[in-house]
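Worth saying up front: this structure is predicted, and the values here are computed from it rather than measured.
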Amino acid sequence: MDAVWLISDPVVLANEKSAIELFRVSDAKMKPVFAYDDVYVDLGAVLTITADIPTMGVQAAKLAEDVLSDREQIADRVESPAGSHITLNVGRLQRYRLNLNRQALGSVNRVIE
């Protein structure tokens, strides 16, 4: 395994203690953790992608309306999710000796040194 991708799982993340332990073990094994919420940056997540579910729902509804109506031609086949927020923890990136794709930094909303 190269990394841990942490999802919202009530069994794995039953409580704060289990989350702390997951990050402790991952760090001891030099395995980066990618997570779904900025709260995990303080525990040591390298990258978080936080989705704004209501905003994405509105976006999806608009796309569905466009597809179902003959009013508009759909120009873009793929859209980035509205309201998503990406945080990159550069300190952890360096700790795990991961390469940074500088071209992808345009997608990052917040960089933590």
Side-chain angles (χ1 to χ4, degrees):
M1 159 182 104
D2 294 324
V4 175
W5 185 267
L6 188 61
I7 61 171
S8 178
D9 183 328
V11 174
V12 173
L13 300 170
N15 52 49
E16 185 178 356
K17 182 180 174 185
S18 62
I20 291 169
E21 181 65 7
L22 183 141
F23 277 88
R24 186 193 67 72
V25 170
S26 295
D27 187 55
K29 295 183 180 285
M30 296 296 287
K31 301 297 180 183
V33 177
F34 308 114
Y36 63 93
D37 195 282
D38 275 354
V39 69
Y40 296 106
V41 170
D42 292 338
L43 291 176
V46 171
L47 179 84
T48 62
I49 301 174
T50 306
D52 180 347
I53 302 298
T55 301
M56 290 170 56
V58 169
Q59 181 184 20
K62 172 71 171 104
L63 289 170
E65 285 178 347
D66 291 347
V67 168
L68 294 173
S69 74
D70 290 328
R71 297 175 301 192
E72 292 186 41
Q73 181 69 19
I74 312 263
D76 296 324
R77 309 280 298 156
V78 177
E79 282 198 32
S80 296
S84 60
H85 183 88
I86 300 173
T87 300
L88 177 65
N89 185 337
V90 175
R92 286 293 169 158
L93 190 78
Q94 292 169 345
R95 173 172 169 67
Y96 299 126
R97 296 184 176 99
L98 298 173
N99 295 324
L100 175 61
N101 179 350
R102 297 212 177 270
Q103 292 177 330
L105 280 176
S107 300
V108 175
N109 302 97
R110 180 175 157 216
V111 176
I112 298 172
E113 299 293 331

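Across all their heavy atoms, R92 and A45 have their closest contact at CG-O, 4.3 Å. Residue P10 comes nearest to S8 through the heavy atom pair CD-O, 3.9 Å, listed as atom of the first residue, atom of the second, then distance. The heavy-atom pair separating D2 from P32 by the smallest distance is O-CD, 3.3 Å. Taking all atoms of both residues into account, the shortest heavy-atom contact from L43 to F23 is O-CD2, 3.4 Å.
Cluster annotation: I112 is not connected to V90 through the hydrophobic network of ILVMFWY side chains, with a link wherever side-chain heavy atoms come within less than 4.5 Å. The same ILVMFWY cluster, assembled from side-chain heavy atoms under 4.5 Å apart, contains both I49 and V111. With hydrophobic clusters built from ILVMFWY side chains whose heavy atoms lie under 4.5 angstrom apart, W5 does not share a cluster with V39. The hydrophobic clustering, which links ILVMFWY residues whose side-chain heavy atoms are closer than 4.5 Å, places L105 and I86 together. The hydrophobic cluster containing V4 does not contain I7, counting ILVMFWY residues as joined when their side-chain heavy atoms lie under 4.5 angstrom apart, directly or transitively.
Other residues, nucleotides and ligands place more than 12 heavy atoms under 6.0 Å from the CG atom of D9.
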Is there a side chain to side chain contact (heavy atoms under 4.5 Å, CB included) between Y40 and L13 once you walk through the steps?
-> CA-CA 12 Å; Y40 296 106; L13 300 170; 3.5 Å; yes

Determine, step by step, whether Q59 and K62 satisfy the side chain to side chain contact (heavy atoms under 4.5 Å, CB included) criterion, reporting the C-alpha distance in whole Å, the side-chain angles of both residues, the deciding distance to 0.1 Å, and the verdict.
-> CA-CA 5 Å; Q59 181 184 20; K62 172 71 171 104; 5.8 Å; no

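S18 places a side-chain N or O within 3.5 Å of a backbone atom of V12 that can act as its donor or acceptor partner.
How far CG of L88 is from CZ of F34: 9.5 Å, rounded to the nearest 0.5 Å. The distance from atom CD of Q94 to atom CG of L100, rounded to the nearest 0.5 Å, is 9.0 Å. One finds the OG1 atom of T50 at 10.0 Å from the OH atom of Y36 (value rounded to the nearest 0.5 Å). Here the OG1-NE2 distance, from T48 to H85, works out to 6.5 Å after rounding to the nearest 0.5 Å.
Note on residues 99-113: pairs passing side-chain hydrogen bond (donor to acceptor under 3.5 Å, both in side chains), not counting sequence neighbours, are D38-R110.
The side-chain hydrogen bond (donor to acceptor under 3.5 Å, both in side chains) test applied to T55 returns D52, not counting sequence neighbours.
Ion pairing between E21 and R24 holds under the 4.0 Å rule for side-chain N and carboxylate O.
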